[in-house]
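Each chain gets a letter, A, B and so on, in the order its sequence line appears, and its residues count up from 1.
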Amino acid sequence: MNFASIQYLTFFCCVFFTYWHLSRKYQNILLLLASWFFYACWDWRFLSLILVSTLIDFVVGKQIHGSNIRSIRRAWLGLSVLVNLSILFYFKYADFFVGSFIELCNTLGFYPSQPTLDIILPVGISFYTFQSLSYSFDIYKKELKPSHSLLDFATFVAFFPQLVAGPIVRAKEFVHQLSTDRQFNGDDFQRGLKRFLLGLFKKAFIADTLAIYLVDPVFAAPEQYSSATLWLAMFGYAVQIYADFSGYTNMAIGSALMLGFSLPENFNFPYLATNISDFWRRWHMTMSRFFRDYVYIALGGNQKGEARTYVNQLTTTMVSGLWHGAAWTFVAWGGIHGILTSSLQFKNRHFKFKMPKIWVVTLAAWAFTQLLVCLAWVLFRANDFDHARVYLQRLFSNESGDSIVMTVLILCAFLSFGVDHLYGWLKERGVLHRYEIPSLVKGGAYALIIIFMFHSIPKEATPFIYFQF
Amino acid sequence: MLSPFLKQILSMKALAPEVYFTLAIWFFCEMFAVFILPFCFSDAFFMSLYMDDKAKISTARFLNNENANIPDSITGWFNKPNEKRKHWVTDQYGSRSANPAVIERNNKTRVIFLGSSMVNGGEGVANNETMSAYLDSETREAFNFASMSYSVDQSLLTYRSKIKLFEPDILVVGIDPTPITGLYNHYIPFKIPEETSMPYLKPRFKLRDDELVEIRPNQNWLKSYLTNDEFHHFLKKNDAYFRDFEQFQSFGFTPIAQGLFALFKRVRSFVSYYYAEGVSDPLLEKVMDTFVMEAAQEGTKVYFAILPNQRMYSWSGIWQFFPDVYQLRVNALGLEGFNTIDIRQTLIDSGYSGNELFHDDEWHYRRLANEIIGEAIKVELNKSENVKL
């Protein structure tokens with residue numbers, strides 16, 4: 001069940017109107033059943049994975065909390081890590097590692113037979129296993145007390161607005177919300193509905209328009225298109241993946257808000273970043289936070305010398321690349337970001353000169369950062385290294401070829417993205433607080449957006465990019 | 001008694017003013033679009049919105065003879081001669097036969113197929129995999145003159161203008177699953193809005209004093225189809241589906257209006273199925289009757305192959321609670337004395353599943369189905385005492 005579908009709207013309306021007529025306990029039961037139903041709509045068989053992950057971490061959390069002996073606490077944590085990562089590795093990475101091993105053998109002159117695993121990837125597996133795992137980690141680090149209610153914990157793991165593509169919510173910022181009474185609040189409802197509408201617009205109009213009319217055709221056959229078109233499609237993909245994923249996040253946050261829950265923000269206008277570290281503070285913030293806390297710091301962070309800091313950074317970003325998908329292109333994408341982040345840190349540590357804070361310098365830093373980010377997206381989008389090589393070669397070769405007709409819809413999609421980030425730019429400078437737009441004008445704008453979307457969203461809807469992760 | 005939650009929802013203006021104004025203005029836009037907008041603009045304006053980019057491009061290509069169908073002053077369109085596509089070709093007469101059609105008679109029995117893309121074969125099969133191809137033998141030759149989206153009236157006009165010349169012994173005319181709608185339609189996009197690849201114009205017949213009167217549109221109107229008032233006036237007067245275009249003017253621009261209207265159309269369609277509308281029709285019977293009479297004057301016998309789509313073939317699920325329109329049609333046309341061939345029964349007897357017989361569009365036949373149908377027609381023709389095969 002896709003957020004940008006009539007099925008989800010119907011499902012959500014049913015949940016919403018029933019939910020606010022129930023007491024807290026029954027609200028949680030409804031949320032749990034609705035969440036399982038939501039997930040079962042993709043493939044009911046994989047519900048068992050969520051159940052296993054939930055039960056293991058619920059028990060593990062209690063056992064860790066109940067013991068003061070370090071080795072026992074570690075053993076229970078180890079069990080949680082083993083179960084969750086085994087699920088993740090088997091369903092997401094088994095094919096990849098077996099295939100890579102066989103390729104390596106072939107390179108070395110051995111030719112083992114290729115087993116056909118054909119494992120189906122359960123939707124959102126990377127999100128809910130991490131979320132469940134973070135619960136055990138936080139209890140282990142004594143930052144959280146275990147939940148006394150299996151119902152509350154199961155609802156936290158399966159909460160449908162963020163079940164399949166985040167934001168990755170940590171137990172300590174969500175479980176307590178399940179155990180407090182919730183009252184319908186007109187302001188939350190209004191904010192939630194606006195977030196949902198904004199997300200729908202980003203996904204259904206901006207992301208899908210760019211995907212269908214620009215990005216997919218060009219990436220499918222880069223050798224046919226001119227260099228200028230490849231540049232345009234590369235920028236188009238940068239906008240598409242942002243609109244797609246932040247659109248989903250907006251719909252998740254909006255849905256949760258209408259049900260009285262607050263989820264963490266995931267994006268903060270990432271294409272306004274003026275350096276690569278700044279970009280990662282704005283892009284997929286809950287994932288960055290997860291890898292910082294549970295991988296980078298676990299590896300020693302910046303506490304074990306300069307060289308080790310860079311190695312830790314590189315390792316963390318490569319693991320986060322692998323988290324995105326079971327392919328070496330994702331690992332390489334993570335590696336590039338690791339090198340860029342480490343280079344920036346190296347520069348800051350060893351070259352203390354301050355750049356003058358004038359707009360030309362800021363603009364140049366912004367353009368350079370975004371160019372690097374966009375070039376790295378080519379690797380992220382490519383099917384394999386050969387595909388990326390062909391794309392990047394033609395990008396810089398000034399070759400002629402086919403071009404994509406810049407339709408009004410493509411221009412509108414780019415323009416809408418521009419307005420979104422202009423809003424972020426003005427917001428960061430505090431300009432927007434000076435003006436109060438009347439509700440009537442805002443209402444009119446929203447109504448027109450709804451009607452505009454109705455006419456302009458492509459008929460061939462595409463799935464959310466991050467569902468595959 | 002309203003619950004506190006519902007009371008809060010109803011007092012939304014104070015609690016959530018932006019939501020309130022959004023809904024209020026949206027509702028106003030819906031009302032404006034339904035009741036006011038149609039009076040503000042001309043048919044030409046709405047026509048430019050009704051026809052999407054693909055339809056506009058397809059019209060231009062059609063007029064430039066770049067499509068697989070080219071304009072025909074009598075039938076509206078016909079297969080482009082000597083066309084070569086990935087899976088199929090046409091000969092110099094536009095026939096899609098296993099062997100090129102020839103006018104000169106020989107000692108073989110000549111069978112000519114007419115009908116829509118279901119007979120023609122569509123994109124999914126090669127020439128030698130169409131139903132007509134399976135009738136070719138040492139004593140018999142079969143030519144396939146069916147054309148995309150043809151209704152029975154166009155098959156009759158094709159017979160008059162092109163097929164008589166070939167002096168066939170037998171005509172096999174495909175009756176597709178919706179044989180009546182096309183008889184009341186001139187402009188294809190009005191009947192099937194999503195059919196953007198075939199924005200063509202066809203003639204139709206009207207019944208006057210139990211006689212067929214042909215209404216033939218001017219094909220040149222397509223050159224200025226967006227702005228030509230004469231064309232729009234003609235369609236308003238003669239095309240039964242012009243009302244769908246008028247409904248688009250009211251219900252095509254806002255989400256709720258369009259959603260509700262789509263729901264209404266779905267319900268209307270179910271009701272028409274329930275009351276078995278569309279089984280037969282006086283105009284259809286008259287066209288078929290005329291077909292048989294005119295062919296008989298030339299010594300040609302006409303068989304009508306009643307063709308099912310996949311839904312009619314399976315007739316399961318919710319549809320089993322509705323009258324079996326296919327069977328009713330076979331019975332009704334049989335009672336009128338037409339030579340009909342029950343294709344569905346043949347396919348059912350073969351024991352194959354719907355997915356094995358039909359392409360993914362659930363409408364066109366796969367090679368296997370065409371072979372079964374071809375064999376069934378062969379058996380039916382062999383039964384005929386007048387024809388020695």
Side-chain angles (χ1 to χ4, degrees), chain A residues 6 9-10 13 15-23 27 182-198 200-201 204 213 254 257-260 405 407-410 436-460, chain B residues 1-34 36-37 45-46 48-57 193-197 248-263 266:
Chain A
I6 292 290
L9 292 180
T10 311
C13 287
V15 172
F16 177 79
F17 281 100
T18 314
Y19 177 84
W20 287 115
H21 282 96
L22 301 174
S23 65
Q27 281 179 338
R182 297 176 287 276
Q183 298 290 328
F184 179 76
N185 176 317
D187 190 45
D188 279 352
F189 172 67
Q190 177 166 285
R191 286 192 298 129
L193 201 56
K194 277 160 56 182
R195 285 297 289 262
F196 189 89
L197 180 63
L198 178 66
L200 186 65
F201 181 77
Y213 301 126
L257 208 50
M258 284 188 271
L259 296 171
V405 179
T407 60
V408 176
L409 283 181
I410 295 177
E436 184 59 39
I437 302 170
S439 297
L440 179 67
V441 176
K442 284 186 186 173
Y446 292 132
L448 292 178
I449 285 174
I450 291 169
I451 294 169
F452 173 76
M453 270 202 295
F454 168 71
H455 284 287
S456 53
I457 54 178
K459 284 175 188 144
E460 311 91 339
Chain B
M1 279 294 288
L2 290 173
S3 68
F5 165 65
L6 285 179
K7 279 182 187 166
Q8 281 184 298
I9 286 284
L10 292 176
S11 57
M12 196 184 288
K13 188 175 180 182
L15 284 170
E18 287 173 31
V19 175
Y20 172 82
F21 283 118
T22 302
L23 294 178
I25 293 169
W26 183 2
F27 181 73
F28 172 78
C29 291
E30 295 274 352
M31 292 296 113
F32 182 82
V34 172
I36 312 291
L37 203 61
F45 172 78
F46 285 110
S48 67
L49 298 175
Y50 187 81
M51 302 294 282
D52 65 15
D53 287 345
K54 282 183 187 169
K56 287 170 187 165
I57 292 167
E194 60 273 22
E195 187 59 279
T196 51
S197 63
F248 162 80
Q249 297 179 11
S250 289
F251 300 104
F253 294 96
T254 46
I256 293 178
Q258 195 182 61
L260 290 176
F261 188 65
L263 188 68
R266 180 65 63 89

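- A:Y19 OH: more than 12 foreign heavy atoms inside a 6.0 Å radius.
- Of the inter-residue distances, the one linking A:I450 atom CD1 with B:L23 atom CG reads 7.5 Å to the nearest 0.5 angstrom.
- Across B:F27, B:F253, B:Y20, the residue that shares the most heavy-atom pairs under 4.5 angstrom with chain A is B:F253.
- Closest approach of A:A447 and B:W26 over heavy atoms only: CB-N, 3.8 Å.
- Listed for the B:E18 side chain is no donor-acceptor partner under 3.5 Å among the backbone atoms of A:Q190.
- With a 4.5 angstrom heavy-atom cutoff, B:E30 does not touch chain A via any of its atoms.
- For a residue to count as touching a neighbouring chain, one of its non-hydrogen atoms must lie under 4.5 Å from one of that chain's; by this rule A:L440 touches chain B with backbone and side chain alike.
- Pairing each heavy atom of B:P255 with each of A:I451, the nearest pair is CD-CG1, 4.1 Å.
- A pairwise comparison of heavy atoms in B:I25 and A:G443 identifies CD1-C, 3.9 Å as the closest pair.
- Annotation: B:F28, atom CZ; neighbour count of heavy atoms from other residues, nucleotides and ligands within 6.0 Å does not exceed 12.
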